[in-house]
Amino acid sequence: MMLRSMLGRFRLMLWLQGISYVLLLFVAFPLRDAGIMPQAVTWFGNLYGFLFLMYLLFMVSLYTVQKWRLRRPIALFFISFIPLGNMIYDFFVFRKIARESVNKA
């Protein structure tokens with residue numbers, strides 16, 4: 001159900017990007033700093049970077065297709081740098097939008 005709409009695919013990307021950021025901050029950096037696995041930051045950093053670029057592309061695409069106001073993509077950009085910020089935004093904003101679109105159909 002979630003992957004049928006463009007908004008649903010963006011929500012999935014939002015979660016993947018948010019999880020990769022949390023893994024980078026709270027798994028990879030401690031592993032590197034403890035000297036256990038120095039290459040973890042490189043691996044998780046590359047994954048996070050790729051997912052962040054995909055997140056931005058999805059966001060710009062939704063901005064143009066959904067005709068969002070400019071404040072939503074700007075907020076999403078800055079929220080993506082807060083650990084778990086994407087998930088919180090999804091919980092409070094996108095769930096409501098998804099429910100409204102299902103009720104319209």
Side-chain angles (χ1 to χ4, degrees):
M1 177 78 178
M2 180 186 225
L3 297 178
R4 291 184 184 165
S5 69
M6 192 169 193
L7 181 62
R9 288 187 293 273
F10 177 71
R11 288 178 65 202
L12 175 64
M13 182 56 60
L14 179 135
W15 276 85
L16 291 174
Q17 188 270 336
I19 291 168
S20 71
Y21 187 51
V22 168
L23 289 173
L24 179 65
L25 292 178
F26 299 110
V27 174
F29 282 121
L31 285 174
R32 181 198 64 188
D33 293 343
I36 298 169
M37 191 183 295
Q39 69 273 23
V41 171
T42 303
W43 297 340
F44 284 103
N46 288 336
L47 176 65
Y48 167 73
F50 173 76
L51 289 172
F52 186 72
L53 288 176
M54 295 301 295
Y55 172 79
L56 291 177
L57 288 173
F58 268 83
M59 186 171 52
V60 169
S61 178
L62 268 173
Y63 170 70
T64 56
V65 170
Q66 298 277 334
K67 297 181 180 21
W68 285 347
R69 292 184 179 174
L70 187 58
R71 69 180 176 199
R72 178 167 288 154
I74 290 172
L76 283 166
F77 176 78
F78 287 110
I79 285 170
S80 70
F81 295 107
I82 300 169
L84 303 177
N86 287 346
M87 291 81 155
I88 294 167
Y89 193 88
D90 178 57
F91 185 76
F92 287 108
V93 177
F94 284 134
R95 276 185 160 186
K96 181 181 175 186
I97 293 172
R99 264 188 268 124
E100 289 172 357
S101 67
V102 168
N103 290 338
K104 287 181 184 177

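Please read these numbers as outputs of a predicted model, since none were measured by experiment. Note that these values count all heavy atoms, side chains included, but never hydrogens, waters or copies made by symmetry.
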Exercise for the section: Please answer: with hydrophobic residues joined when any side-chain heavy atoms are less than 4.5 Å apart, are Val22 and Met54 in the same cluster? Expected result: yes
Completion exercise
Nearest heavy-atom approach of Pro30 to Leu25 is CD-O, 3.4 Å
Practice task
Decide if the gap between the ring center of Phe52 and the ring center of Phe81 is smaller than 6.0 angstrom.
Solution key: yes
Fill in the blank from the handout: Distance col, row Leu51:CG vs Tyr21:OH, nearest 0.5 angstrom, shows 14.0 Å
Practice task
May I ask you to test the Phe77-Leu56 pair for a side-chain heavy-atom distance under 4.5 Å?
Solution key: yes
Completion exercise
Rounding to 0.5 Å, atoms CG (Leu16) and OH (Tyr55) come to a distance of 12.0 Å
Exercise for the section: Starting at CG of Leu14, measure out to CZ of Phe10 and round the result to the nearest 0.5 Å. Expected result: 5.5 Å
Exercise for the section: Specify the closest pair of heavy atoms between Met87 and Trp15, including all atoms of both residues, with the distance to one decimal. Expected result: CG-CZ3, 3.2 Å
Exercise for the section: Using the rule that two of Ile, Leu, Val, Met, Phe, Trp, Tyr join whenever any of their side-chain heavy atoms come within less than 4.5 Å, decide whether Leu84 and Val93 are in one cluster. Expected result: yes
Exercise for the section: Could you state whether Leu23 and Leu53 fall into the same hydrophobic cluster, counting links through intermediate Ile, Leu, Val, Met, Phe, Trp or Tyr residues with side-chain heavy atoms under 4.5 angstrom apart? Expected result: no
Fill in the blank from the handout: Output for pair (Gln17 CD, Ser80 OG), nearest 0.5 Å, gives 5.0 Å
Exercise for the section: Indicate, with yes or no, if Phe26 and Leu31 share a hydrophobic cluster defined by side-chain heavy-atom contacts under 4.5 Å among Ile, Leu, Val, Met, Phe, Trp and Tyr. Expected result: yes
Completion exercise
In this structure, OG1 of Thr42 is separated from CG of Leu24 (nearest 0.5 Å) by 10.0 Å
Problem - From CG (Leu62) to CZ (Arg11), nearest 0.5 Å - result: 12.0 Å
Practice task
Please answer: with hydrophobic residues joined when any side-chain heavy atoms are less than 4.5 Å apart, are Phe50 and Leu76 in the same cluster?
Solution key: yes
